[in-house]
Protein chains: 2
Amino acid sequence: MSQHRHPGAPGRAGAVPALPDLPEATVARLPEYLRALHALADAGDETVSSEALANAAGVNSAKLRKDLSHLGSYGTRGVGYDVALLIDQIESVLGLTQCRSVALVGVGNLGHALAGYDGFASRGFRIAALFDADRARIGEQINGLVVRHIDELPRVAAEESISIGVIATPAPAAQAVADQLVAVGVTSILNFAPCVLSVPEGVDVRKVDLAIELQILSFHEHRKASLTALPATGGSALTALPGGLAATDTQEAIGT
Amino acid sequence: MSQHRHPGAPGRAGAVPALPDLPEATVARLPEYLRALHALADAGDETVSSEALANAAGVNSAKLRKDLSHLGSYGTRGVGYDVALLIDQIESVLGLTQCRSVALVGVGNLGHALAGYDGFASRGFRIAALFDADRARIGEQINGLVVRHIDELPRVAAEESISIGVIATPAPAAQAVADQLVAVGVTSILNFAPCVLSVPEGVDVRKVDLAIELQILSFHEHRKASLTALPATGGSALTALPGGLAATDTQEAIGT
DNA sequence: GGTTGTGAATCATTTCACAGCC
DNA sequence: GGCTGTGAAATGATTCACAACC
């Protein structure tokens with residue numbers, strides 16, 4: 001990430017509670033643990049071992065224990081972790097104890113879907129405002145929210161205490177939107193437009209590019225095809241068409 | 001084929017794959033380079049320096065050069081990289097020389113948007129079939145494609161040479177869909193459902209969870225808020241850097 | 001018995017810095 | 001002069017393995 005790193009000791013000792021300096025990789029996994037923990041809580045479990053939780057979150061148990069140890073961790077040896085306690089702990093670290101308000105800019109194809117996605121609300125986020133630059137869309141209602149013109153961003157951002165901006169515009173518009181978000185004080189942006197945004201120091205940008213995900217998969221697909229094509233030198237070129245069943249054997253699904 | 005080998009590695013055991021064995025982090029960045037290169041090509045540029053390309057892709061130049069060196073390197077010292085040549089090279093490595101067919105399962109809110117997203121087609125992917133389990137949706141047309149029942153997957157997958165499966169169903173349905181995709185020979189899955197999938201060895205799964213992205217941003221937002229409440233930690237340069245293109249590292253680098 | 005927490009070891013990735021080439 | 005390619009150093013992340021604890 002960028003170099004905002006604040007050196008360990010803040011002058012005098014002991015003043016700060018558990019303001020954690022977590023490894024970025026750990027931060028990226030905490031939400032997944034949280035999701036798994038909620039599922040366990042819904043199922044009525046009160047404690048869980050690192051092995052079981054790691055399984056539910058798709059990581060190995062050593063990594064999970066190391067991650068949790070960074071937050072000071074409330075586990076009991078021989079028993080495991082208290083599910084409810086751990087949920088509180090992780091939500092507190094992630095700053096999810098307060099519901100955060102999100103402004104979504106760009107209600108085209110993707111933005112429309114995001115505006116209607118209920119996975120946000122159920123996990124601590126409230127889509128508080130929708131914006132677009134296209135006058136034809138202004139006034140349209142999506143999921144109980146009216147689409148406003150982007151020019152209203154300053155007023156609405158102040159009213160709604162916008163905490164996070166989501167950009168779902170076409171690429172050419174994204175930088176201008178980012179600038180506008182930054183101008184009204186937004187310091188966290190989730191960018192779905194396929195382009196790089198430049199923002200001042202102190203503003204965090206995360207990017208989700210759907211085509212890039214497919215291209216990464218394409219690489220692995222390509223690699224797998226090449227591997228089966230030449231197990232030995234001069235191997236016969238079996239047609240790589242996945243028409244029927246693949247040649248691989250193992251079909252067992254692991255776990256639930 | 002690359003003959004790149006690190007001769008210094010002592011005591012290496014096991015087989016070395018005969019294929020270009022790129023670091024995973026490099027693979028994840030190649031699509032971003034590709035996008036930047038296409039933009040340069042559209043602008044008429046014929047060559048580009050590592051510095052300029054790195055800037056356009058949101059990374060630093062040393063990383064970019066190291067990444068490109070892994071693919072055998074097509075640059076000219078003192079000049080830079082040939083844009084067209086590099087595009088070909090990267091597309092070839094990523095397996096994008098053939099257009100790959102994608103099956104999309106789940107045409108709810110998000111799936112609907114994905115089906116209509118033109119960013120796929122423009123970057124080497126063809127959405128070849130849409131599926132859903134809800135009988136009420138069968139027959140609906142989206143972007144010229146008709147929604148089929150998931151039971152038709154085996155027949156259609158064979159007809160269309162499906163290469164990649166995209167899951168955009170609710171979480172409870174996702175595992176069953178993954179099993180069905182695997183059963184018809186799909187070995188690459190992009191999962192938008194908020195859950196962990198278990199698949200046999202050899203199948204690649206990438207996961208995109210929109211709420212998780214927001215939660216990671218929430219953490220940084222939370223941390224920044226806590227920091228401003230603290231006394232200064234030395235000369236933390238909060239000021240905007242000269243020029244608008246300053247924060248090259250701020251995006252992208254946060255996790256994968 | 002079982003399980004956590006954690007130093008130490010291994011592995012991966014990024015950055016530095018400069019030789020070599022244009 | 002400018003630029004790439006790349007060993008070597010530095011940083012970061014993962015895994016191992018086991019002592020401490022219930």
Side-chain angles (χ1 to χ4, degrees), chain A residues 1-5 7-8 18 20-30 32-33 45-55 57-83 85-86 89, chain B residues 2-14 16-17 21-30 32-33 37 45-55 57-83 85-86 89 248-256:
Chain A
M1 209 184 120
S2 59
Q3 54 235 67
H4 33 263
R5 150 182 254 71
D21 189 15
L22 302 179
E24 208 30 61
T26 296
V27 173
R29 283 188 295 264
L30 288 180
E32 193 71 52
Y33 301 157
D45 295 11
E46 298 197 347
T47 65
V48 64
S49 71
S50 64
E51 186 69 32
L53 180 54
N55 225 48
V59 301
N60 68 50
S61 63
K63 202 187 299 193
L64 177 115
R65 288 200 303 277
K66 179 73 88 181
D67 283 341
L68 293 188
S69 79
H70 283 117
L71 7 140
S73 187
Y74 278 85
T76 310
R77 293 170 204 236
V79 178
Y81 298 92
D82 182 292
V83 171
L85 203 61
L86 199 47
Q89 185 69 13
Chain B
S2 89
Q3 58 265 53
H4 281 84
R5 195 78 60 83
H6 286 304
R12 111 195 270 117
V16 182
D21 191 16
L22 303 180
E24 204 37 54
T26 296
V27 173
R29 281 188 297 262
L30 288 180
E32 193 70 53
Y33 302 157
L37 283 164
D45 295 10
E46 296 197 348
T47 65
V48 64
S49 71
S50 65
E51 187 69 31
L53 180 54
N55 225 48
V59 302
N60 67 52
S61 63
K63 202 186 298 191
L64 177 116
R65 289 200 302 278
K66 179 73 89 181
D67 283 341
L68 293 188
S69 78
H70 284 116
L71 6 140
S73 175
Y74 284 74
T76 310
R77 292 169 205 236
V79 179
Y81 298 91
D82 182 292
V83 172
L85 202 62
L86 200 47
Q89 186 66 17
T248 42
D249 247 355
T250 319
Q251 19 204 49
E252 192 66 72
I254 315 174
T256 148

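Residue numbers begin at 1 in each chain, while the letters A, B, ... track the order of the sequences.
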Is the side chain of A:Q89 donor-acceptor paired with the backbone N or O of A:L71 at a distance under 3.5 Å, no angle test?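 Side chain of A:Q89 to backbone of A:L71: a pair is present.
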
List, with names and distances, any nitrogen or oxygen atoms from the protein found under 3.5 Å away from nitrogen or oxygen atoms belonging to nucleotides 19-22 of chain D.
unit_1: D:dA20; atom_1: N3; unit_2: A:R77; atom_2: NH1; d: 2.9
unit_1: D:dC22; atom_1: O4'; unit_2: A:R77; atom_2: O; d: 3.2

Considering only heavy atoms from C-beta outward, does the side chain of [X] approach that of [Y] to under 4.5 Å?
X	Y	answer
B:D67	B:V59	no
B:T76	B:T47	no
B:Y74	B:D82	no

Using the test side-chain hydrogen bond (donor to acceptor under 3.5 Å, both in side chains), find all partners of B:S50 that sit at least two apart in sequence or belong to another chain.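 Scan of B:S50 (side-chain hydrogen bond (donor to acceptor under 3.5 Å, both in side chains), adjacent residues dropped) gives B:R65.
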
Could you check how far [atom1] of [X] sits from [atom2] of [N], rounded to whole Å?
X	N	atom1	atom2	answer
B:N60	C:dT14	CG	C1'	8 Å
A:D67	D:dG12	CG	P	16 Å
B:K66	C:dT15	NZ	C1'	9 Å
B:Y33	D:dT4	OH	C1'	15 Å
B:D82	D:dT4	CG	C1'	14 Å
A:E24	D:dA13	CD	P	8 Å
A:L64	D:dT14	CG	C1'	13 Å
A:L22	D:dA13	CG	P	11 Å

Heavy atoms from C-beta onward define the side chain here; which of [options] lies closest to that of [X]?
X	options	answer
A:S50	D:dC3, D:dA13, C:dT4	C:dT4
A:R65	D:dT4, C:dG7, C:dG5	C:dG5
B:A25	D:dC3, C:dA17, C:dT13	C:dT13
A:A62	D:dA13, C:dT15, D:dT15	D:dT15
B:Y81	D:dT15, D:dT4, C:dT4	D:dT4

For D:dT15 and A:K63 - does any side-chain N or O of the residue sit under 4.0 Å from the phosphate oxygens OP1/OP2?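 Affirmative; the distance criterion is met.
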
Any chance CD of B:E24 has more than 12 other-residue heavy atoms, nucleotides or ligands included, within less than 6.0 Å?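 For B:E24, atom CD is crowded (more than 12 foreign heavy atoms under 6.0 Å).
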
Roughly how far apart are B:L68 CG and B:K63 NZ, rounded to 0.5 Å?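 Going from the CG atom of B:L68 to the NZ atom of B:K63 covers 13.0 Å.
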
